[in-house]
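The first residue of the sequence shown is numbered 1, and numbering continues consecutively from there. Just so we're clear, the structure is a prediction, and the values are computed from it rather than from any experiment.
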Amino acid sequence: MGARSRRSAGNLPAELTSFVGRRQETAEAKRLLAAARLVTLTGAAGVGKTRLALRVAADVRRAFPDGVWLVELADLGDPRLVPNAVATAFGLRGTSDQAAGLAEYLEDKQLLLVLDNCEHVGDECAMLAAKLLAASGGLRVLATSRHTLHVEGEHILHVPPLPVPPAEGTGAGPAEAVTLFTERAAAVAPGFELTPGNRAAVHRICRRLEGIPLAIELAAVRVRVLSADQILDRLDDRLGLLTERPLAAQPRRRTLEAAIGWSFELCTPAEQRLWAQASVFPGGFDLDAAEHVCAPGDAGSTLDVVTGLVDKSVLSRQHGTFGRHAWYRMLETVREYGGGKLTGAEATVRARQTGYYAELARRYRAEGFGPRQSEWLGRLRREHANLRAVLEHCLSGPGQAGQALDIAASLWNFWYGGGLVPEGCGYLRRGLELCRERTVVRARGLYAMAFLAIQTGAPHADLLAELAELAEELDDARLRAGHAECAGMATFFAGDLAGGAVLLERALAGYRTAGDALLVFDTLILLAAVRFFLGDPRGAAAAEEALALTERYQARWSRGYALWAVAVHRWRADEPGEAADLLREAIALRLTDRTLLAFLVEALAWCHSAEGAHDRVARLLGGAAAIWRLSGARVGEMSPYQGVDEQCAAPARKALGDEAFDAAFAEAAGSGLDDVIRGALGERPTPGTAGKAAEPGGLTRRQREIAELVARGMTNKEIAAALVLSGRTVEGHVENILVKLGLTSRTQVASWLAGQPGWRSG
């Protein structure tokens, strides 16, 4: 799999507790991964599949130059979002065909993808894994699931419970289940150790719990208040009652449920209530959310109740915090149990949760352009699974669809900047379908949907038409400005610069009257851009005003866009050095917005063109192309931007020659995001990535293959059948091939290939 190492690549979490045993399973999983491309760890709930997968992934990460990436699926309610969840882990912006975009991104990568908790979205995981493995020969997938995925080539490793001590005798040494109990007990009760006095009880506890790690950990934390003999007595009572019942569940499942149920019974009423009510948070929660949604009552403050559940290992405090807020989560099996106890209170709790997140979304919209802008984005990313749960709940019928639409519309620039456009559009579309009342909420939903559609090249005419009608019906000046902004943006991107400028000026006047600083800023950036392409010197003033707004409001994310706007006008004014400094300042912010980064790197190439740094131009344009692909936005493909790229590339191509220009472009286009940023900032590339091979012209292996079939005269439909791809995927590849090669027709592909070494048309 290659010897290169990129320690920074990947997103595996750090281990917070010791890893006990599993030597045989770890070795077998690594052996299977070396021989097979899809390995699924199966086993019962609570048996430790996730922990084993993370240990195996950490052990083999050196074998994967492009990293090891974890995608947690337990909190995913909508199976259709599986591709989007994977894309988000890689930092990719969503597209309409997310699976195809992932396949293209991964086809030249060597990485390990860990899909955790697949059982409830098994079919979708299976389809996606099959597609990605077919597209990328360097990809390996390690999945955890209670069931197999049934994908061709899948290798299965069943994860059993930990070994327990024999019923008689002590054996050769402590069994792994006993070691786990002892270590977890010592963590909560320092000084606890296995002694002749407690050994028999600990051994019997581990046997009684059948070596199930989660059950053992829940029991071990009780040594803070109970002796091992007392824990055993209570377990015997609980398990005896449960196993006497004629339950359909498997014995080990019954054992785990009994252990969790026993833990539940030992909680105070307030703790039980919060456990059940907190089950509505699939992504975890902070103290503020618990106080508003879970309402523990008079038995103690929320903090005291949360502390009690942390002490009992029902809740775990996550590593790190959001801002100043600690974050708590439940294991999925524990959360499922709590959900079963919610019963008749669920509607009330869900209503409180919806109200809480509606207010959160409104606060984000009100405070998101300000000093806490970056903190808010981090908070929404952490709350993402909870937002999904609330939106899905509200969209389950027409009764609460208006609340869902209100939340989704308030988050419009989070969907955009967070790389979640398809997901955000999905919620907005469903909300608009269910919420037909002609209200301000519907109008805001139309604005949000139109904005996202225009930025990604999706159909938007009907949305704009209805938004215009509603703005007049409601006699709402802000909505009129919103329509003018979106219509101006669409007109600009379609190539009518003067018409776009007129509409954007109208929008700016409306937003100024409304006093909406965020939308004033957004429109100033759009005006600065359109005036840049018009050669209108007033664009520089719009850019400077936008930058001043970000300084006044201390909006760090927005500052990146303002620096871009000021820089391109400085470049137009023959100040390429000053412009480049501004662009590097913005790139050094290392914001997560891929579209912004693509704009910045692209403009930096323009600056170096003015200075005659031809190799830098080729590499920066290649890097920008790579980031545009990651972003999923289509703005960079619009004719005004493409025209400047071609204007700057022409002298570089002439100076370097086609072969050298294409090689530099291709090397950068095949780089990872971190390497593009380092290259733009003049930092050293990651060791081992500088010589990464790439096809001439910046084509990936798959694109080269498709280009050869195009040159042979095959239609998209014929290519799709030959390569077992969808027609849409092939169409997208052909479009990207033409863009990368600077060609305008399919017939020119054959001419380009004829000049490449090793090409045979027969």
(message) Run the side chain to side chain contact (heavy atoms under 4.5 Å, CB included) test on Lys312 and Glu271 for me, step by step, so that the C-alpha distance in whole Å, both residues' side-chain angles and the decisive distance to 0.1 Å come before the verdict.
(response) CA-CA 10 Å; Lys312 296 174 176 67; Glu271 290 169 348; 3.1 Å; yes
(request) For the pair Asp116 and Leu70, evaluate side chain to side chain contact (heavy atoms under 4.5 Å, CB included) and give the outcome as yes or no after the intermediate values. (result) CA-CA 7 Å; Asp116 188 34; Leu70 170 66; 4.0 Å; yes
(request) Please lay out, stage by stage, how Asp311 and Val221 fare under the test side chain to side chain contact (heavy atoms under 4.5 Å, CB included). (result) CA-CA 7 Å; Asp311 288 343; Val221 298; over 6 Å; no
(request) Give the C-alpha distance, both sets of side-chain angles, the deciding distance and a yes or no for side chain to side chain contact (heavy atoms under 4.5 Å, CB included) between Leu115 and Val86. (result) CA-CA 9 Å; Leu115 300 176; Val86 177; 4.1 Å; yes
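Of all non-hydrogen atoms in Phe264 and Gln272, the two that sit nearest each other are O-NE2, 2.8 Å. Contact record, Arg335 with Ser279: NH1-O, 2.6 Å, taken as the closest heavy-atom pair. When all heavy atoms are compared, the tightest approach of Ala290 to Thr302 is CB-CG2, 3.7 Å. The shortest heavy-atom contact between Val121 and Pro79 is CG1-CA, 3.7 Å. In this structure, Pro161 and Ile212 approach most closely via the heavy-atom pair CB-N, 4.1 Å. Across all their heavy atoms, Leu149 and Glu154 have their closest contact at N-OE2, 2.9 Å.
Residues Arg381 and Phe414 meet the side-chain proximity criterion, which asks for heavy atoms closer than 4.5 Å. Side-chain contact check for Val280 versus Leu342: some heavy-atom pair is nearer than 4.5 Å. At least one side-chain heavy atom of Glu383 sits under 4.5 Å from a side-chain heavy atom of Leu360. In this structure the side chain of Tyr427 never reaches within 4.5 angstrom of the side chain of Ile407, judged on heavy atoms. Using a 4.5 Å heavy-atom cutoff, the side chains of Trp69 and Leu112 are not in contact. A 4.5 Å side-chain heavy-atom check between Thr88 and Leu420 finds at least one atom pair inside the cut-off. No side-chain heavy atom of Arg352 sits under 4.5 Å from any side-chain heavy atom of Thr354. Residues Leu309 and Tyr328 form no side-chain contact, since every pair of their non-hydrogen atoms from C-beta on lies 4.5 Å or further apart.
The main-chain N or O of Ala228 is never found under 3.5 Å from a side-chain atom of Asn198 such that the two would form a donor-acceptor pair. Side-chain atoms of His120 come within 3.5 Å of backbone atoms of Leu73 as a donor-acceptor pair (strictly under, hydrogens ignored). A donor-acceptor pair is defined here as one N or O able to donate and one able to accept, closer than 3.5 Å; no such pair exists between the side chain of Asp66 and the backbone of Leu111. In this structure, Arg329 contributes its side chain and Pro282 its backbone to a donor-acceptor pair below 3.5 Å. Between the side chain of His155 and the backbone N or O of Gly153 there is at least one donor-acceptor pair closer than 3.5 Å. No donor-acceptor distance shorter than 3.5 angstrom exists from the side chain of Ser227 to the backbone of Val223, with no hydrogens or angles considered. Panel note: side chain Arg61, backbone Gly67; no donor-acceptor pair is recorded below 3.5 Å. Ser136 contributes a side-chain N or O that, together with a main-chain N or O of Leu106, makes up a donor-acceptor pair within less than 3.5 Å. Formation of a donor-acceptor pair under 3.5 Å by the Thr144 side chain with backbone atoms of Thr50 is not found in this model.
Residues Phe285 and Trp327 place their aromatic rings such that the two centres sit no closer than 6.0 Å.
The OH atom of Tyr364 sits 6.0 Å away from the CG atom of Leu380 when rounded to the nearest 0.5 Å. Of the inter-residue distances, the one linking Arg31 atom CZ with Leu33 atom CG reads 10.5 Å to the nearest 0.5 angstrom. To the nearest 0.5 Å, atoms SG (Cys267) and CG (Leu274) are separated by 10.0 Å. Of the inter-residue distances, the one linking Lys49 atom NZ with Leu54 atom CG reads 12.5 Å to the nearest 0.5 angstrom. Interatomic distance, His384 NE2 to Leu411 CG, rounded to the nearest 0.5 Å: 9.5 Å. Distance CG/Leu214 to CD1/Ile260: 5.0 Å, rounded to 0.5 Å.
Qualifying salt bridge (Lys or Arg N to Asp or Glu O under 4.0 Å) partners for Arg37, counting only residues two or more places apart in sequence or in other chains: none. Checked against salt bridge (Lys or Arg N to Asp or Glu O under 4.0 Å), Glu25 has the following partners two or more places apart in sequence or in another chain: Arg22.
Ionic pairing of Glu265 and Arg234 is not present here: no N-O contact between side-chain nitrogen and carboxylate oxygen is shorter than 4.0 angstrom. Using a 4.0 Å cut-off between charged nitrogen and carboxylate oxygen, Asp59 and Lys30 count as a salt-bridge pair. With respect to Glu336 and Arg146, a salt bridge is recorded, a charged nitrogen being found less than 4.0 Å from a carboxylate O. Comment: Asp286 engages Arg379 in a salt bridge, judged by a side-chain N to carboxylate O separation of less than 4.0 angstrom.
A side-chain donor-acceptor contact under 3.5 Å links Asn84 and Glu423. Judged purely by distance below 3.5 Å, without hydrogens or angles, the side chains of Thr307 and Asp304 never pair a donor atom with an acceptor atom. Side chain to side chain, His150 and Thr148 meet the donor-acceptor criterion of an N or O pair below 3.5 Å.
For the side-chain hydrogen bond (donor to acceptor under 3.5 Å, both in side chains) criterion with His393, the lone passing option out of Arg388, Gln403, Gln400, Arg350 is Gln400.
Ring geometry for Trp275 versus Tyr337: interplanar angle of 30 to 60°, hence tilted.
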